[in-house]
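One structure below.
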Protein chains: 2
Amino acid sequence: MTKRNLTAPRKLVYDIVLQADDHPTAADIIDRLKARGQSVAYATVYNSLRYLTEEGLIHELKLEGKTSRYDGRGEDHAHIVCVSCGKVDEVMTPPPAEWLSKVAEESGYLLTEEQFIFKGECPACRISKQKN
Amino acid sequence: MTKRNLTAPRKLVYDIVLQADDHPTAADIIDRLKARGQSVAYATVYNSLRYLTEEGLIHELKLEGKTSRYDGRGEDHAHIVCVSCGKVDEVMTPPPAEWLSKVAEESGYLLTEEQFIFKGECPACRISKQKN
DNA sequence: ATATAAATTTAAACTAAATCTAAATTTAAA
DNA sequence: TTTAAATTTAGATTTAGTTTAAATTTATAT
């Protein structure tokens, strides 16, 4: 039968995402693998990212631009993007459970995942804008 | 000087998005314009969608796949995507204001926009899965 | 009204991200 | 150990969206 597995190349990709303190794109991951002297084919990186996302080991983020970013942080959490400098921060305050259950009830869906993206101006950009 | 404007082609694109009861992609919009016999260049549709999004007249949704979808509904609202059939529904129960202000406080950001995407299994898919 | 300068539209070329293909390799488990 | 399925690979291909440069339209100052 054979089972889908966390194979060696997938593990290499997973490690890069886990160790990143940003939200790397596929291209970023390829660069970082190369910098470590680890050889993983282009298509395999994409395959691995899809696998890891489907397994729930990492999360795919669709923020600005057309390229997906990836997040290896364990706890589910929201993100906040600065519309001015593009910085992405984690949001650790979780959404009220009561809202989630209300949404589940309203929609009739069995909820499996949430992706919350806030946009706004980060503290640094707010300050630098005041100066101008 | 000249001002950015809701020009004729932009209005045509806007009308398509406003009248859609789904969440059309750029390609969908081009098809619907063509079906109406309205000629708008490919690049102009993209230009128009960017313009309309920046003006806040419509909203860009990044759901499954690599193509953006657009939503012309006036009130800001969350979306819920069925992971099984791909259907996209509107979520009308708004997030508690208290959560939003807590996020603003935590992050120090000046919030301008929120994009909330729920994923799960829609009622129809839940039922059809029970049968199997 | 008219001239002028800036913005917008257009068609076509181009770019970049991601997927597909088919052959080679690895892996699981019979 | 064999066999079938899964995975990897390199390269070709697809696709969404952007860029380019010329033509057109538009806003507004005269």
Side-chain angles (χ1 to χ4, degrees), chain A residues 1-17 20 22-34 36-55 57-71 81 86 88 115, chain B residues 1-17 20 22-34 36-55 57-71 81 86 88 115:
Chain A
M1 300 287 108
T2 338
K3 231 175 47 182
R4 293 189 81 182
N5 250 333
L6 186 56
T7 58
R10 287 172 182 174
K11 186 74 169 60
L12 292 179
V13 171
Y14 188 26
D15 285 344
I16 295 287
V17 177
D22 55 354
H23 303 90
T25 63
D28 291 335
I29 292 165
I30 290 167
D31 287 346
R32 294 174 196 184
L33 285 167
K34 215 170 270 170
R36 289 186 175 187
Q38 294 166 335
S39 158
V40 177
Y42 189 73
T44 302
V45 171
Y46 281 99
N47 166 332
S48 301
L49 290 170
R50 187 153 11 95
Y51 164 83
L52 294 166
T53 300
E54 283 170 3
E55 293 295 309
L57 296 172
I58 66 176
H59 293 283
E60 183 181 14
L61 305 179
K62 300 190 172 209
L63 308 176
E64 307 309 302
K66 52 185 164 187
T67 82
S68 288
R69 297 183 164 275
Y70 295 89
D71 186 326
V81 184
V88 180
Q115 296 185 359
Chain B
M1 302 284 110
T2 337
K3 230 174 49 181
R4 293 189 80 180
N5 249 334
L6 186 55
T7 58
R10 287 172 182 174
K11 185 74 170 58
L12 293 179
V13 171
Y14 188 28
D15 286 344
I16 296 286
V17 178
D22 55 354
H23 303 90
T25 63
D28 292 334
I29 292 165
I30 290 167
D31 288 346
R32 294 174 198 184
L33 285 167
K34 216 170 270 171
R36 290 187 175 185
Q38 292 166 335
S39 159
V40 176
Y42 189 74
T44 302
V45 172
Y46 281 100
N47 166 329
S48 300
L49 290 170
R50 189 156 9 95
Y51 164 84
L52 294 166
T53 300
E54 282 169 4
E55 294 295 309
L57 295 171
I58 64 177
H59 292 283
E60 183 182 14
L61 305 178
K62 298 190 172 210
L63 309 175
E64 306 308 303
K66 51 184 164 187
T67 82
S68 288
R69 297 181 165 276
Y70 295 88
D71 186 326
V81 184
V88 180
Q115 295 185 0

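In what follows, chains carry the letters A, B, and so on, assigned in the order in which the sequence lines appear, proteins first and then strands, with residues in each chain numbered from 1.
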Between D:dG17 and B:Tyr42, counting only base atoms on the nucleotide and side-chain atoms on the residue, is there a donor-acceptor pair under 3.5 Å?
yes

How would you list, by chain and number, every residue that makes a side-chain hydrogen bond (donor to acceptor under 3.5 Å, both in side chains) with B:Glu60, sequence neighbours excluded?
B:Ser68

Selection: residues 45-54 of chain B, any non-hydrogen atom under 4.0 Å of DNA chain C
B:Asn47

Among residues at least two apart in sequence or on other chains, which ones pass salt bridge (charged side-chain N to carboxylate O under 4.0 Å, His left out) with A:Lys11?
A:Asp15

Which residues pass the salt bridge (charged side-chain N to carboxylate O under 4.0 Å, His left out) test with A:Glu64, not counting sequence neighbours?
A:Lys119

Residue list, salt bridge (charged side-chain N to carboxylate O under 4.0 Å, His left out) with A:Glu55, at least two apart or on another chain:
none

Check: protein-nucleotides 20-22 of chain D nitrogen or oxygen pairs below 3.5 Å:
none

Please give the angle, rounded to 10 degrees, between the axes at the start and the end of the helix from C:dA1-D:dT30 to C:dA30-D:dT1, where five pairs define each axis.
40°

Identify, with sequence neighbours excluded, every residue that meets salt bridge (charged side-chain N to carboxylate O under 4.0 Å, His left out) alongside B:Asp22.
B:Arg32

Any heavy-atom pair between the side chains of A:Arg36 and A:Leu12 that's under 4.5 Å?
no

Residues that A:Ile30 engages under side-chain contact (heavy atoms from CB on, under 4.5 Å), provided they are two or more places apart
A:Lys34, A:Tyr42, A:Val45

Excluding sequence neighbours, so at least two apart, what forms side-chain hydrogen bond (donor to acceptor under 3.5 Å, both in side chains) with A:Arg50?
none

Note: contacts of residues 6-16 of chain B with DNA chain D (heavy atom, under 4.0 Å) are none

Looking at residues at least two apart in the chain, or sitting in another chain, which of them share a side-chain contact (heavy atoms from CB on, under 4.5 Å) with A:Asn47?
A:Arg10, A:Tyr51

